[in-house]
**Student:** 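I am attaching a structure below and will ask some questions about it afterwards.
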There are 2 protein chains.
Amino acid sequence: MTTRAAFCILLTMANRSYHHGDLRAALLEQAGRTLREKGASALSLRELARDLNVSHAAPSRHFKDRRALLDAVALLGFARMAEALAKADPGPEAGFRARLEALARATVDFAVSERELIALMFSSKADTDALDDMHEAWMRLAAPVYAAIADGQRTGDVHAGDVERIAYSAFFTVHGVANLASIGVIPEADIDQALGDALDHLVRGLRP
Amino acid sequence: MTTRAAFCILLTMANRSYHHGDLRAALLEQAGRTLREKGASALSLRELARDLNVSHAAPSRHFKDRRALLDAVALLGFARMAEALAKADPGPEAGFRARLEALARATVDFAVSERELIALMFSSKADTDALDDMHEAWMRLAAPVYAAIADGQRTGDVHAGDVERIAYSAFFTVHGVANLASIGVIPEADIDQALGDALDHLVRGLRP
DNA sequence: ACCTGAACACCGTTCAAGT
DNA sequence: ACCTGAACACCGTTCAAGT
């Protein structure tokens, strides 16, 4: 260890940073709040810094630029959405259709109640350097859907075939409803019916 | 007519405006270009004005603010997408499945080749004052899908029921694929397979 | 290591004034 | 009607300097 590094550690331990311990976490939390209230385009690093009583240049120590902060917020969003789905999963005992419906409804509810967050999550084109974190977040999100499809195959509710491809197809439909509901293309009052229709078609198909 | 108004008309006819006749159209066109190249968040009114050799305040005569310009670009996007769909529609003679596939492929192609435009179109929450224009654009977009479903019911390819609700369900799925493809969640190489899977499930359902 | 303060090159929006 | 020029209050980013 260099003496310089030791000096820094001493400073950090003595001071615990200038404001309240963890500026990075505080920035993410505050960013989440202003995102919800005003949307991503209205989120400014300088305002964030002001809200947290640090200088406007302080955020750059933790996020190399505005985009990096928004990417981190989006990643947290995926984690929260995965948590919401896992929590909403009633498990195989509920039966395939009820389980599918519970997962779908949780997805749409999340999209509607966190519209700015979902817009951020599903607008940023895949960032090639943060791709590993992203992939892990996606796996956690997809896990209950995979499980539902695999169990559905076991119980004879779902046709045979590659679980991943079938699960993706189900996700396409639900994501379509969730996205269109969150931006208001599907009016609030019609969301339940639209999701019900979508799931009916997903299970039974368009055929007579 | 007031003398003031007459004076203005004389000025306009004599001069035909300061640069090349139709700043509003020029702004929309240039906005479309920079949108495609750099995305909506990097689009600035001042840069647009610079590109068109007008003062930075000139755009405000045609669009009350940045949001209004972006909304107008999005509206044009819907018109272009409707045109693309109408053009891709092979008509009822092609058979239901081929027609559905053609329309779906055109949708996904548009989303992938115009990713910034589609992101703009499907991110702005429904603007309550420009809602009439929006509704008309949606009707034009949905027309071929409605027709395909209605014809499918006649030929026995689609079950009976409310055409609009069935068409919406089809659109949810295709939109889900288009959106996820445009942001890179579905890798370019997998798009064809993903869309094929989605349409198979849409037609036949998840059931065995 | 973590933050500050000043500096730089941008923004959107408004408004009196010109033609 | 349509545009200009100046002014105002913001931005993101960088960088030497402090602790």
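Letters A, B, ... are given to chains in the order of the sequence lines, protein chains preceding strands, and every chain is numbered from 1.
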**Student:** Counting only heavy atoms not in A:Arg66, do more than 12 sit closer than 6.0 Å to its CZ atom?
**Tutor:** yes
**Student:** Nearest whole Å is fine: how far is D:dC10 P from A:Leu43 CG?
**Tutor:** 16 Å
**Student:** Listed by chain and number, what are the salt bridge (Lys or Arg N to Asp or Glu O under 4.0 Å) partners of A:Asp192, not counting sequence neighbours?
**Tutor:** A:Arg105
**Student:** More than 12 heavy atoms of other residues, nucleotides or ligands under 6.0 Å from CD of A:Glu37: yes or no?
**Tutor:** yes
**Student:** What is the distance, to the nearest angstrom, from the CZ atom on A:Arg61 to the P atom on D:dA16?
**Tutor:** 11 Å
**Student:** Rounded to whole angstrom units, what separation is found between the NE2 atom of B:His62 and the P atom of C:dT14?
**Tutor:** 16 Å
**Student:** Going by distance alone, is a donor N or O of one side chain under 3.5 Å from an acceptor N or O of the other, for B:Thr173 and A:Thr173?
**Tutor:** yes
**Student:** Counting only Watson-Crick pairs (N1-N3 plus N6-O4 or O6-N4) and G-U wobbles (N1-O2, O6-N3), all under 3.5 Å, who is the partner of D:dA7?
**Tutor:** C:dT13
**Student:** Tell me which nucleotide among C:dT4, D:dC11, D:dT14 gets nearest to the side chain of A:Ser60.
**Tutor:** D:dT14
**Student:** So, is A:Arg67 near the phosphate of D:dT13, with a side-chain N or O under 4.0 Å from OP1 or OP2?
**Tutor:** no
**Student:** Could you give the CG-to-C1' distance, from A:Leu23 to C:dA1, as a whole number of Å?
**Tutor:** 12 Å
**Student:** Is there a Watson-Crick or G-U wobble partner for C:dA1 with both distances under 3.5 Å, and which nucleotide is it?
**Tutor:** D:dT19
**Student:** List the residues meeting side chain to side chain donor-acceptor pair (under 3.5 Å) with B:Glu114, not counting sequence neighbours, and say none if there are none.
**Tutor:** B:Arg36, B:Arg80
**Student:** Should the ring pair B:Phe78 and B:Phe122 be called parallel, tilted or perpendicular, given that the plane angle runs from 0 to 90° and is split at 30 and 60?
**Tutor:** perpendicular
**Student:** Send over the distance from A:Glu47 CD to D:dG12 C1', rounded to a whole Å.
**Tutor:** 14 Å
**Student:** Heavy atoms from C-beta onward define the side chain here; which of D:dC3, D:dG12, C:dC3 lies closest to that of A:Leu45?
**Tutor:** D:dG12
**Student:** What class does the angle between the rings of A:Phe171 and A:Tyr168 fall in, given that below 30° is parallel, 30 to 60° is tilted and above 60° is perpendicular?
**Tutor:** perpendicular
**Student:** Each nucleotide N or O in nucleotides 6-9 of chain C that has a protein N or O under 3.5 Å away: list the pair and distance.
**Tutor:**
residue : atom : partner : partner atom : Å
C:dA6   : N6   : A:His56 : NE2          : 2.9

**Student:** By nearest atom, which of the nucleotides C:dC11, D:dC3, C:dC3 is closest to the B:Ser44 side chain?
**Tutor:** C:dC11
**Student:** With respect to the phosphate group of D:dC10, does any side-chain polar atom (N or O) of A:Arg50 fall under 4.0 Å of OP1 or OP2?
**Tutor:** no
**Student:** In whole angstroms, how far is the C1' atom of D:dC15 from the CG atom of A:Asp65?
**Tutor:** 17 Å
**Student:** Would you kindly give the CG-to-C1' distance between A:Asp22 and C:dC2, to the nearest whole Å?
**Tutor:** 12 Å
**Student:** Can you tell me the distance, in whole Å, between the CZ atom of B:Phe63 and the C1' atom of C:dT13?
**Tutor:** 16 Å
